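On a predicted model such as this, the values are computed, not experimentally measured, just so you know. Index from 1, following the sequence.
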Amino acid sequence: MSRTRKLWLGLAALLIASFGVLLWVGDQVHQYAPPLPQAVVTSGDETLFTGNDIELGKQVWQRIGGQQLGSIWGHGALLAPDWSADWLHREGVAMLELLARDEGAGSYAELDAPQQAALRSRVQRELRTNTWDPAKGTIYVSPLRAQAMLVVGAHYMSLFSNDPATAKLRETYAMRDNTIAELDQRRAVTAFFWWASWATAAERPGSAISYTQNWPHDTLAGNTPTSANFLWSVFSVLFLILGIGLLGWHHARQASHEPLPPIPARDPLTELKPTPSMKATAKYFWTVIGLFLVQILLGATTAHYQVEGQQAYGFALANYLPYALTRTWHTELAVLWIATAWLATGLYIAPLISGHEPKYQRLGVNFLWVCLLVIVVGSFAGQWMAVMDKMDLSKNFWFGHQGWEYVDLGRFWQIFLFIGLMLWLFLVGRALWPAMRGGKEGASIVGLLFLSTVAIGLLYGAGLMWGEHTHIAMVEYWRWWVVHLWVEGFFEVFATAVISYLFVRLGLLRVGTATTSVLFATIVFMAGGVLGTLHHLYFSGTTTAVIALGASFSALEVVPLALIGLEAWDTWKKQHAAPWMARYRWPIMFFVAVSFWNLVGAGLLGFLVNTPIALYFMQGLNLTAAHGHTALFGVYGMLGMGLMLFCLRGIKPQAEWREGWLKGSFWTLNLGLGLMAVLTLLPLGILQLKAVLEHGYWFARSAEFMDRPLIHMLVWMRVPGDTVFAIGAMLIAGFVASLWLWPKRQVAATPLPDAASESA
């Protein structure tokens, strides 16, 4: 049996086993999710909330931005509190004050230490005792807790209105006045927030651990790290060391000493005439640049909200473009422009690989581009109407704002995008088909490329697996299929296969070497990548099994990065393989940057927040944002830029490349990204971590902490990095524009057979 066949069988077995376990975990999440009651009732049979109130509150929370305005169970925006943690602590404090008055004191602070300890113990019992009655579908609360719930509920009723008493708090949280205008909807949101906080402290039946694995950290509620957090964090580190050792041993054993293939005397791709559909992909790359620039502008606006609250240099921006909306569009555009670059690469490279231009391929490419624009404009308009309370709640799920970070699109737009991905899969697949038939040389690597497009198309469908009334724990389960497996998983396999095939076509890699390398890399990545999805679900109402599996396998995601320096060096050398490789210097430099940020953003900063014990304290802090920014743009964004430049070299083969613009863009983008992390995200995250350890999670996300002068200064320190980064974006935008607006032609050593070009 050939080595290639063994690798294919190994990959198939790995994926079947991994997805089988992942689906089993989904069944466990469904069975053991925190119960949604039909009613929340006092011991005197007074109904405080109904199940319909909680469900309505969730719908209203989604419409106002959901995870883009604060967070629930640690998932969501960094500005405004985590509402589940905030309610939990406020309810505990309210009970302490009520009990202190029963003791005859004016406040809890007036009591002596033994009295305070006794009251804290009583409050902890109130919060941790699970009074869920499954037979009646009811949660019972004591009169003390019911009274505390009314106190906290009144605070939120004020906060989400235009009450002057909480105006300063709304400004700190960057919330617009009358975020929820309707009184009954405000009350329903308090019901949802209470239920979300109840699940964080109430112990599972037969266990001393809460539904969210004792997250968030709050000693008042008795929420401290579980033994499983410590145990599986230790095993996670051991698995990482073992994985790195095994990979190093394999690399030393399998290190190939086979000589490089004969380097062609001239660029093999200069003699390839771009087909009409390949030229038509140019408009996708224009769209990439446009979406990228808008995303940067929205990112700067979102960051500025942290220092001026509801305004931007005195202008009441929150009345027209609230924080929840700017952050929604900022995060969505990050995925959209990167995905557009990769989708366009697939459409460009498929005819290049097969040498076959299917009938009506250009029409399909153009039609798909129009669909993309309609989806962006339509979904963004719907989200604006939803957040601004101009859309009926009954229509929000389908056309407005779903409230789930990265998958905020209304369901209609999600379905539209899924159909678009199916069209993309069809267009790429039929163009690749001739290269996969008849056992042609390189068929395996092309087959892997095609299978990755199938996975990309189908896995987005995981975003259609929940409905409007699905339990939040199940929504989180399926949401991370999209965010982790779709974006971080199979798009990376697709990119690895594309880059390897490009180097094969340039004559810098042997087909057999490239095939085995890509298959092995895919196996190594997927070994941790599929079940590594679970590290996002540690505290989302799941069981200890999720912590065990997530910690074990997410550690393996970091293993391939141990040898990232070798990959970077190998990529770097390719630009010096032949004089004509100077044509591809900047695409290759962006690929080298991918390796660097893979090590720093995905590796170092990723593992910083990866283990259960680390994420227990860091989830939803700026340390996770540091990882998110450096991994999402540093790895996937840089990769999108490199692929775009490679395709543009073929689309405009004889246009002069303004090397200085690309050089400036490359270095300013990388420097700006580094400055964002070093000057703001990392120090701010470290200060928040210190606050969590000393006071509890609620404090690190509170207005008291976030409104400090030091925090404001650190936010302002983003200006240098953001400015440098924006300069890099403008330079690459100017470069792309110059290929069409100022197409000064260079003298080509080997002219194309037909210099006539067709408009995209």
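With His629 contributing its side chain and Ala625 its backbone, the two residues share a donor-acceptor pair below 3.5 Å. Of the possible donor and acceptor atoms, none in the side chain of Thr611 sits under 3.5 Å from a partner among the backbone N and O of Ser233. Proximity of a side-chain donor or acceptor of Thr212 to a complementary backbone N or O of Trp215 within less than 3.5 Å is detected. With hydrogens and angles disregarded, a donor-acceptor distance shorter than 3.5 Å links the side chain of Gln67 to the backbone of Glu405. Remark: side-chain polar atoms of Tyr697 are paired, donor with acceptor, to backbone N or O of Gln619 under 3.5 angstrom. Under a 3.5 Å cut-off, the side chain of Ser500 and the backbone N or O of Ala497 do not form any donor-acceptor pair. Distance alone, capped at 3.5 Å, is enough to place a donor-acceptor pair between the His75 side chain and the His536 backbone. His217 contributes a side-chain N or O that, together with a main-chain N or O of Asn223, makes up a donor-acceptor pair within less than 3.5 Å. Checked by atom type and distance alone, the side chain of Ser18 never pairs as donor or acceptor with a backbone atom of Leu15 at under 3.5 Å. Although no hydrogens or angles enter the test, the distance criterion places a donor-acceptor pair under 3.5 Å between the side chain of Gln213 and the main chain of Thr542.
Residues Phe539 and Trp73 fail the side-chain proximity criterion, which asks for heavy atoms closer than 4.5 Å. Looking only at side-chain heavy atoms (C-beta outward), Leu556 and Leu240 stay at 4.5 Å or farther from each other. No side-chain heavy atom of Leu78 sits under 4.5 Å from any side-chain heavy atom of Leu621. Side-chain contact between Leu669 and Phe590 is present, with at least one heavy-atom pair separated by less than 4.5 Å. Counting heavy atoms from C-beta on, the side chains of Leu671 and Leu675 come closer than 4.5 Å. Residues Ile588 and Phe503 form a side-chain contact, since some pair of their non-hydrogen atoms from C-beta on lies under 4.5 Å apart. Between Thr624 and Leu615, some side-chain heavy-atom pair lies under the 4.5 Å cut-off. At least one side-chain heavy atom of Phe617 sits under 4.5 Å from a side-chain heavy atom of Ile613.
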Chi angles and distances behind the side-chain contact (heavy atoms from CB on, under 4.5 Å) call for Leu632, Ile338: CA-CA 9 Å; Leu632 184 58; Ile338 292 171; 4.2 Å; yes
Checking side-chain contact (heavy atoms from CB on, under 4.5 Å) for the pair Ile456/Trp486: CA distance, chi angles, key distance, verdict? CA-CA 6 Å; Ile456 289 168; Trp486 187 64; 3.5 Å; yes
Assess the residue pair Glu476 and Val29 against the criterion (side-chain contact (heavy atoms from CB on, under 4.5 Å)); give the C-alpha distance rounded to whole Å, side-chain angles, the decisive distance to 0.1 Å, and a yes or no. CA-CA 10 Å; Glu476 283 297 307; Val29 173; over 6 Å; no
Verdict with reasoning, Leu242 to Leu238, per side-chain contact (heavy atoms from CB on, under 4.5 Å): CA-CA 6 Å; Leu242 175 64; Leu238 291 177; over 6 Å; no
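Shown here for Ser554 and Ala551, the closest heavy-atom pair between the two residues is OG-O, 3.7 Å. Closest approach of Val504 and Ala514 over heavy atoms only: CG2-CB, 3.5 Å. Of all heavy-atom pairs spanning Val482 and Leu459, the tightest one is CG2-O, 4.2 Å. Between Pro587 and Gly642, the shortest heavy-atom contact is CB-O, 3.7 Å. Nearest heavy-atom pair across Ser452 and Val493 is CB-CG1, 4.0 Å. Smallest separation of non-hydrogen atoms from Ala435 and Val446: CB-CG1, 4.1 Å.
Atom CH2 of Trp433 has 12 or fewer neighbouring heavy atoms from other residues, nucleotides or ligands inside a 6.0 Å radius. The environment of Phe235 atom CZ is sparse: at most 12 non-hydrogen atoms of other residues, nucleotides or ligands sit within 6.0 angstrom.
Between Thr226 atom OG1 and Tyr538 atom OH the span is 11.5 Å, to the nearest 0.5 Å. With rounding to the nearest 0.5 angstrom, the CG atom of Leu343 is 11.0 Å from the CG atom of Leu643. In this structure, the separation between CG on Leu608 and CG on Leu623 is 5.5 Å, given to the nearest 0.5 Å. Between atom CD1 of residue Ile499 and atom CG of residue Leu449 there is a gap of 11.5 Å, rounded to the nearest 0.5 Å. Taking CG of Leu231 as the reference point, atom OG of Ser236 lies at 11.0 Å (rounded to 0.5 Å). Separating the CZ atom in Arg479 from the CE atom in Met474 is a distance of 13.5 Å, to the nearest 0.5 Å.
Ring-centre distance between Trp597 and Phe633: not below the 6.0 Å cut-off. Checked against the 6.0 Å centroid criterion, the rings of Phe19 and Trp481 qualify as a close aromatic pair.
Using cut-offs of 30° and 60° on the angle between ring planes, the pair Phe646 and Tyr584 is parallel. The aromatic rings of His535 and His484 sit perpendicular to each other, their planes meeting at more than 60°, with 30° as the lower class boundary.
Residues passing the salt bridge (Lys or Arg N to Asp or Glu O under 4.0 Å) test with Lys663: none are found, sequence neighbours excluded.
For the pairing with Trp342, the ring pair (Phe, Tyr, Trp, His ring centres under 6.0 Å) check across Trp337, Tyr284, Tyr636 returns one residue only, Tyr636.
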